[in-house]
S.K.: 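Shown below is the structure under consideration.
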Protein chains: 2
Amino acid sequence: MTAESSALTKNQEMVLGALSQAKGPMSAYAILDELRQEGFRAPPQVYRALEKLMKNGLVHRLESLNAFVACSHGACHSTGLVAFAICDQCGLVSEFSDEAVTNSLTNWIAKNQFSNTKTTIEIRGDCAACAAA
Amino acid sequence: MTAESSALTKNQEMVLGALSQAKGPMSAYAILDELRQEGFRAPPQVYRALEKLMKNGLVHRLESLNAFVACSHGACHSTGLVAFAICDQCGLVSEFSDEAVTNSLTNWIAKNQFSNTKTTIEIRGDCAACAAA
DNA sequence: CTGCGGACGTTATAATATAACAACGAGCCG
DNA sequence: CGGCTCGTTGTTATATTATAACGTCCGCAG
Ligand SMILES: [Zn+2]
Ligand SMILES: [Zn+2]
Ligand SMILES: [Zn+2]
Ligand SMILES: [Zn+2]
């Protein structure tokens, strides 16, 4: 392997492709169905690819939906905490990293001596466009 | 009905009881297994109770675990956003509502014209005690 | 009484996720 | 070359989480 965390395999490319073209979050099974024509046959193929893609920061899991999205930034090497605003109407996912949010949460974590964490921040509602409609 | 959102039924009491006595989050099926001796037979009994309890703020769902906890405060009528710090070692769940966190997130929401939202904030890691050990 | 609505019980099934193992192929070394 | 090892893949089976659908029961308004 190179200095990179390593290149993507074919399956990983296909899963990432499906997520990148999607206009909203996709469940693992939606990905599977889309990739059946490309030869996918079973859930583990999707889940294994997703696992690797998430480890590399190319894909995020939306816990409140049990679904997945491609990282808006190509890959997430963000220093701050990543948050998602998810429109329940149109499926739009806005990935963001807000300094004030990061600071306030990391402050709480420090004050309460919580350890190395993985943090989930998900806002569910309607996006500006859908709320206006 | 009274001015209250209404009293709990027997099933709801039992589910809340199971969650209140638990030392950590419980999956719906863990609750079901615990309550089989009390006569529970099938998932819908648990899920229906949980739905009502959550609507009344007595129970919270932890999205990143697909599990449930009793509200630490008895019932949540909090004005701010509620967050959870979850210890992956011992299962301890610290429910909190931090003003700085609430403000920073609601600021982002306002700036981005997101609508009425339901917000999930979950910090996963090790609690102070477990991190020390 | 009668009809309605809410909680409940029950069966079946959907949706999400992982365990387990066989097969394959690329790289390495004898 | 032939055999080894390791990582990816394919495949089957199963575990886990959640909901649909329908019938029963019961309290209460009319
Ligand atoms: Zn990202
Ligand atoms: Zn929208
Ligand atoms: Zn609460
Ligand atoms: Zn702990």
Side-chain angles (χ1 to χ4, degrees), chain A residues 1-2 4-19 22 24-56 58-69 86 88 91 120 122 124, chain B residues 1-2 4-19 22 24-56 58-69 86 88 91 120 122 124:
Chain A
M1 74 177 165
T2 72
E4 295 302 317
S5 52
S6 79
L8 298 181
T9 68
K10 192 169 176 188
N11 282 358
Q12 289 156 15
E13 291 278 13
M14 287 196 284
V15 168
L16 182 56
L19 281 174
M26 295 182 80
S27 76
Y29 280 76
I31 295 170
L32 175 58
D33 286 341
E34 189 132 317
L35 294 180
R36 277 190 198 284
Q37 39 182 328
E38 323 281 350
F40 273 50
R41 309 295 304 278
Q45 298 176 280
V46 174
Y47 281 104
R48 287 198 281 234
L50 286 171
E51 190 178 7
K52 180 77 167 301
L53 291 167
M54 285 190 290
K55 197 150 33 188
N56 291 10
L58 303 175
V59 161
H60 300 292
R61 176 188 176 85
L62 300 176
E63 300 287 356
S64 69
L65 289 177
N66 293 332
F68 305 84
V69 284
I86 303 162
D88 289 328
T120 298
E122 295 177 17
R124 300 282 296 277
Chain B
M1 73 174 165
T2 70
E4 295 304 316
S5 51
S6 79
L8 298 181
T9 69
K10 191 169 176 187
N11 283 359
Q12 290 156 17
E13 291 278 14
M14 286 195 285
V15 167
L16 181 57
L19 281 174
M26 294 181 81
S27 78
Y29 279 76
I31 295 170
L32 175 57
D33 286 342
E34 189 131 317
L35 293 180
R36 278 191 197 283
Q37 39 181 326
E38 323 281 349
F40 273 50
R41 310 295 304 281
Q45 297 176 281
V46 174
Y47 282 104
R48 288 197 281 235
L50 287 171
E51 190 177 7
K52 180 75 168 302
L53 292 167
M54 286 190 289
K55 196 148 38 187
N56 291 10
L58 303 175
V59 162
H60 301 292
R61 177 188 176 87
L62 300 177
E63 300 288 356
S64 68
L65 289 177
N66 293 333
F68 306 84
V69 285
I86 303 161
D88 289 328
T120 299
E122 296 176 16
R124 300 282 296 276

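Side-chain atoms are counted along with the backbone in the values below, which use heavy atoms only and exclude waters and symmetry mates. Here is the naming used below: chain letters follow the sequence lines, and residue numbers restart at 1 for every chain.
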S.K.: B/Arg48 CZ to C/dA7 C1': how many Å, rounded?
M.R.: 8 Å
S.K.: Taking atom types as modelled, is there a side-chain donor on B/Glu122 or B/Ser64 under 3.5 Å from an acceptor on the other?
M.R.: yes
S.K.: Check whether any side-chain nitrogen or oxygen of B/Asn66 sits under 4.0 Å from OP1 or OP2 of D/dA18, and answer yes or no.
M.R.: yes
S.K.: How many whole angstroms separate atom CD of A/Glu51 from atom C1' of D/dT8?
M.R.: 13 Å
S.K.: Kindly state each residue pair satisfying side-chain hydrogen bond (donor to acceptor under 3.5 Å, both in side chains) with at least one member in residues 29-39 of chain B, sequence neighbours excluded.
M.R.: B/Asp33-B/Arg36
S.K.: Tell me which one of A/Met54, A/Met26, A/His60 satisfies side chain to side chain contact (heavy atoms under 4.5 Å, CB included) with A/Phe68.
M.R.: A/Met54
S.K.: What is the distance, to the nearest angstrom, from the CG atom on B/Leu65 to the C1' atom on D/dT17?
M.R.: 13 Å
S.K.: If only side-chain N and O atoms of B/Thr9 are considered, is one of them under 4.0 Å from the OP1 or OP2 phosphate oxygen of C/dG6?
M.R.: no
S.K.: Taking C-beta and beyond as the side chain, do B/Leu32 and B/Pro43 meet within less than 4.5 Å on heavy atoms?
M.R.: yes
S.K.: Rounded at 0.5 Å granularity, tell me how far CG in A/Leu53 sits from CG in A/Asn11.
M.R.: 10.0 Å
S.K.: I need the NZ-P distance between A/Lys10 and C/dC24, as an integer number of Å.
M.R.: 17 Å
S.K.: For DNA chain D, find the residues of residues 26-41 of chain A with a heavy-atom distance under 4.0 Å and give them by number; none if there aren't any.
M.R.: A/Arg41
S.K.: Please report the distance, rounded to the nearest Å, between OH in A/Tyr47 and P in D/dT9.
M.R.: 17 Å
S.K.: So which heavy atom on B/Met14 is nearest to which on B/Phe40, and how close?
M.R.: CE-CE1, 3.1 Å
S.K.: Can you tell if the side chain of A/Leu19 reaches within under 4.5 Å of the side chain of A/Leu58, non-hydrogen atoms only?
M.R.: no
S.K.: Just wondering, more than 12 heavy atoms not from B/Glu13 lying within 6.0 Å of its CD?
M.R.: yes
S.K.: When the C1' atoms of the five terminal pairs at each end define the local axes, what inter-axis angle does the helix from C/dC1-D/dG30 to C/dG30-D/dC1 show, to 10 degrees?
M.R.: 0°
S.K.: With a 4.5 Å limit on heavy-atom distance, are the side chains of A/Arg61 and A/Val69 in contact?
M.R.: no
S.K.: Please pick, from D/dT17, D/dT9, C/dT16, the nucleotide with the shortest atom-to-atom distance to any side-chain atom of A/Gln12.
M.R.: D/dT9
S.K.: Under 4.0 Å from OP1 or OP2 of D/dG10: is there any side-chain N or O of A/Gln45 that close?
M.R.: yes
S.K.: Check whether any side-chain N or O of A/Asn11 sits under 4.0 Å from OP1 or OP2 of D/dG10, and answer yes or no.
M.R.: yes
